[in-house]
*Asks:* 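Got a structure for you, written out below as structure tokens; questions coming shortly.
In this text the structure is predicted, and so the values were computed from the model without any measurement. In this chain, residues are counted from 1 in sequence order.
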Amino acid sequence: MAAATARFSTVPDTANIVRPRKVRGFGEMQTDILNLIVDNIDGDVGAFSYDRYDLVPDTPYFLVKLITKKTNIAENNDGERVLRRKEMRKFQEATRMFMTKHENEMEAIYEATNNSALKLIPPYVSAFIEAVQAFEIPGEVELDGIDLLGVWPGFTAKKKTPSLLRQNFDDDLDARLDDHLKGMN
């Protein structure tokens with residue numbers, strides 16, 4: 001089995017886009033790549049289609065690429081390709097358990113100052129890879145790769161004493177939010 005890889009980019013790897021299912025001269029393929037997107041906040045899992053995600057999500061996501069037998073693929077109510085119900089429930093349970101277990105690490109990544117988030121992300125991703133590998137069903141559903149999608153913290157300039165410019169910006173932002181909230185009532 002090939003080793004799983006994590007690619008640190010916010011642009012999806014187009015090499016694994018699902019191509020037409022028939023291979024000339026070979027008929028119908030028995031296996032396929034299935035792309036699932038995992039919300040890094042609550043562990044929700046959904047179908048991923050490159051056609052639908054032309055904007056970068058504003059929160060961090062994992063794009064999980066699975067090699068699976070076609071018998072393990074189903075369609076949800078929206079016609080999107082997902083794992084069969086039993087496998088999907090197991091996968092969702094694995095991702096939610098991971099998010100619960102590693103909630104503090106994700107918070108630390110968001111609260112990191114300067115470029116320290118860049119040091120915290122690789123161990124977090126490695127732990128996620130291990131969680132997905134534990135879900136694998138050898139010969140049925142196997143991990144092919146994981147990409148990072150969305151907005152992941154990279155550098156946040158936080159100082160112990162904010163500059164006057166930063167204080168003015170924060171005050172302006174608070175005032176705008178207050179006005180916006182008043183307008184909603």
*Asks:* According to ring pair (Phe, Tyr, Trp, His ring centres under 6.0 Å), does anything in residues 115-134 pair up with another residue at least two apart or in another chain? List the pairs.
*Replies:* F62-F128, F98-Y124, F98-F128

*Asks:* Would you say the side chain of V38 lies within less than 4.5 Å of the side chain of Y61, judging by non-hydrogen atoms?
*Replies:* no

*Asks:* Side chain to side chain contact (heavy atoms under 4.5 Å, CB included), that's the test. Do L143 and V64 meet it? Break it down for me.
*Replies:* CA-CA 8 Å; L143 180 61; V64 179; 3.8 Å; yes

*Asks:* Rounded to the nearest 0.5 Å, what separates atom NZ in K90 from atom NZ in K86?
*Replies:* 4.5 Å

*Asks:* Under 4.5 Å between side-chain heavy atoms, hopping through other hydrophobics if needed: is there a path connecting L120 to L148?
*Replies:* yes

*Asks:* Among D144, I137, L36, N72, find the residue that satisfies the side-chain contact (heavy atoms from CB on, under 4.5 Å) test when tested with L66.
*Replies:* L36

*Asks:* Taking all atoms of both residues into account, what is the closest heavy-atom pair of T71 and R84, and its distance?
*Replies:* O-CD, 3.1 Å

*Asks:* Within the side chain of T68, is there an N or O that forms a donor-acceptor pair under 3.5 Å with the backbone of E140?
*Replies:* yes

*Asks:* Is R81 reaching over with its side chain to a backbone N or O of I33, donor-acceptor style, under 3.5 angstrom?
*Replies:* yes

*Asks:* Which heavy atom of N40 sits nearest to which heavy atom of P60, and what is that distance?
*Replies:* CB-O, 2.9 Å

*Asks:* Is any side-chain heavy atom of P123 closer than 4.5 Å to a side-chain heavy atom of E105?
*Replies:* no

*Asks:* Can you check whether D78's main-chain N or O pairs, donor with acceptor, with N76's side chain at less than 3.5 Å?
*Replies:* yes

*Asks:* How long is the gap from CD1 on I146 to CG on L63, to the nearest 0.5 Å?
*Replies:* 9.0 Å

*Asks:* When rounded to the nearest 0.5 angstrom, what distance separates CE in M97 from NE2 in H102?
*Replies:* 9.5 Å

*Asks:* What's the shortest heavy-atom distance between A47 and E80, and which atoms?
*Replies:* CB-CB, 3.4 Å

*Asks:* Compare every heavy atom of I109 with every heavy atom of A117, then report the nearest pair and how far apart it is.
*Replies:* CB-O, 3.7 Å

*Asks:* Any salt bridge linking K69 with D32? Criterion: basic side-chain nitrogen under 4.0 Å from a carboxylate oxygen.
*Replies:* no

*Asks:* Indicate, with yes or no, if L181 and L173 share a hydrophobic cluster defined by side-chain heavy-atom contacts under 4.5 Å among Ile, Leu, Val, Met, Phe, Trp and Tyr.
*Replies:* no

*Asks:* To the nearest 0.5 angstrom, please state how far the CD atom of E136 sits from the CD atom of E142.
*Replies:* 5.5 Å

*Asks:* To the nearest 0.5 Å, tell me how far N35 CG sits from K65 NZ.
*Replies:* 6.5 Å

*Asks:* Apply salt bridge (Lys or Arg N to Asp or Glu O under 4.0 Å) to residues K182 and D178 and explain how you reach the verdict.
*Replies:* CA-CA 6 Å; K182 286 177 187 173; D178 288 343; over 6 Å; no

*Asks:* Please round to the nearest 0.5 Å and tell me the distance separating atom CG of D171 and atom CZ of R166.
*Replies:* 11.0 Å

*Asks:* Which atoms form the tightest heavy-atom contact between Y110 and T59, and what is the distance?
*Replies:* OH-CA, 4.5 Å

